[in-house]
Amino acid sequence: MDQNPYSTALLAWYQANARDLPWRRPDASAWSILVSEIMLQQTPVTRVLPAWEAWMRRWPTPADLATEPSGEAVRMWNRLGYPRRALNLHACARTIVERHEGEVPSSYQDLRALPGVGAYTAAAVASFAFGGRHAILDTNVRRVLARAHTGVEYPPKTPTKAETELAESLLPADATVAARWGVAIMELGALVCTARSPACAECPIANQCAWRLAGKPAHEGPPRRGQTYAGTDRQVRGRLLAVLRDAEGPVPKDDLDTVWHEPIQRERALDALVADGLVDPREDGTYALPG
DNA sequence: AAATCGTGGAG
DNA sequence: TCTCCAAGATT
């Protein structure tokens, strides 16, 4: 039997309301699921969809990507954001070819060892692609658990041990059911129990939600710091990389200098990109995406 | 363990 | 306009 009281209602809700996302289809490969999970890190589904389609069309298997220079992955990544994820995916492909015979590993430990694959992504791939029994703890699930079980509007800034233990305690005993339960509660957070305006009227577990039963008390404590973006190194890095992405080949430094007026910050951002392996400084003083 | 790392859409 | 935030990971 299930360890939690709303499993049946949640699974029924999912069956009726789940989005038809391509990486959820029965014929989706483990590689395509891994690609989707990396792309979805901090990035909305609507923006991932076209990028995922294009990526999978070009590199249907890890081996297809592994033969490319990493810069091609960065270029293909386009404006998805956090371009180091493109590098991670490229490194994943090569590792999978070299150490796993070209097949995405199925165990949590092997997945967790891949670059850019943390606790959430390893659990997600192990569960969604291979039917493993793992607690899924992404931002959606954390929000649902915070409300339904803890009775607060938002979870802590960073995942805690308590959250992991709660998620694991709720996991259905059967692996197949657990895997379905994981996507279901995630989908609930994405579609109903949203951050801004939760649709409690449509929620299948509203009658058991501690936060709603408590009268939906507002978030306590300091407002969670808004990440001002304008003027940061991140913005400069973004502009620099955009020039290299949109260029056919190597770019003269003068072209990079036009993207930001402040030379100190500009150089710092460029150096950081080089250190991260996202930009290749060439002998002749030009810059390019890495080979 | 707090800071860093992009981008764009919604309210 | 401006703030928030979107399937996190890494150092």
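Model, not experiment: these values are computed from the prediction. Labels below follow one simple rule: chain letters A, B, ... track the order of the sequence lines, proteins then strands, and each chain is numbered from 1.
- With ring centers used as reference points, A:Phe128 lies 6.0 Å or more from A:His134.
- A distance of about 16 Å separates the C1' atoms of C:dG8 and B:dA1, rounded to the whole Å.
- Considering only side-chain atoms of A:Thr43, the nucleotide from B:dG6, C:dC5, C:dG8 that sits closest is B:dG6.
- Applying the 4.0 Å criterion to OP1 and OP2 of C:dA7, one finds that A:Ser36 has every side-chain N and O outside that range.
- Spacing between atom CD of A:Gln42 and atom P of B:dC5 amounts to 14 Å, rounded to whole angstrom units.
- Comparing A:Leu114 and A:Val45, the nucleotide of DNA chain C nearest to each residue sits closer to the 5' end for A:Val45.
- Checked against A:Arg237 for a side-chain contact (heavy atoms from CB on, under 4.5 Å), the options A:Leu270, A:Asp276, A:Val279, A:Val259 give a single hit: A:Asp276.
- At whole-Å resolution of the value, NE2 in A:His219 and P in C:dC4 are 11 Å apart.
- Base contact: A:Trp23 has a heavy atom under 4.0 Å from a base atom.
- Remark: aromatic rings of A:Trp55 and A:Trp77 are close, center separation under 6.0 Å.
- Within 4.0 Å (heavy atoms only), A:Gly118 reaches sugar-phosphate atoms of the nucleic acid but no base atom.
- Nucleotides B:dG8 and C:dT1 place their C1' atoms 15 Å apart, quoted to the nearest Å.
- The distance between atom CZ of A:Arg268 and atom P of B:dC5, rounded to the nearest whole Å, is 9 Å.
- No side-chain donor from either of A:Arg112 and A:Thr121 sits under 3.5 Å from a side-chain acceptor of the other.
- Atom P of nucleotide B:dT4 and atom CD of A:Gln265 are separated by 12 Å, given to the nearest angstrom.
- Residue whose closest nucleotide on DNA chain B sits further toward the 5' end, between A:Arg196 and A:Pro44: A:Pro44.
- For the P atoms, the distance linking B:dT4 with C:dA7 amounts to 24 Å, nearest Å.
- Using a 4.0 Å heavy-atom distance criterion, A:Pro83 is classed as a sugar-phosphate-only contact.
- The OH atom of A:Tyr229 sits 8 Å away from the P atom of B:dG6 (whole-angstrom rounding).
- Here the C1' atom of nucleotide C:dC5 and the CZ atom of A:Arg143 are 9 Å apart, to the nearest Å.
- When only modelled atom types and interatomic distance are considered, A:Tyr120 and A:Glu37 share a side-chain donor-acceptor pair under 3.5 Å.
- Counting any heavy atom pair closer than 4.0 Å across all strands shown, A:Arg79 reaches sugar-phosphate atoms only and no base atom.
- Here the C1' atom of nucleotide C:dC5 and the CZ atom of A:Arg142 are 14 Å apart, to the nearest Å.
- The 5' end of DNA chain B is approached more closely, in terms of each residue's nearest nucleotide, by A:Gln41 than by the other of A:Gln41 and A:Ser197.
- For A:Thr139 and C:dA6, the shortest distance from a side-chain N or O to OP1 or OP2 is below 4.0 Å.
- Residue contacts shown for A:Leu21 include a base, since a base heavy atom lies under 4.0 Å away.
- If you take CG of A:Leu188 and C1' of C:dA7, they are 14 Å apart, rounded to a whole angstrom.
- Within 4.0 Å of A:Val117, counting heavy atoms only, lie sugar-phosphate atoms of the nucleic acid but no base atom.
- Using modelled atom types and a 3.5 Å distance limit, the side chains of A:Trp211 and A:Glu153 yield no donor-acceptor pair.
- For the residue pair A:Asn140 and A:Arg143, a side-chain donor N or O sits within less than 3.5 Å of a side-chain acceptor on the partner.
- Across all strands, A:Thr158 comes closer than 4.0 Å to no nucleic acid atom at all (heavy-atom distances).
- Side-chain atoms of A:Arg234 come within donor-acceptor range of the base of B:dG6, with a qualifying N/O pair under 3.5 Å.
- If you check every strand for non-hydrogen atoms under 4.0 Å, A:Leu80 touches a base.
- Place A:Arg47 and A:Ala119 on DNA chain C by their nearest nucleotides, and A:Arg47 ends up nearer the 5' end.
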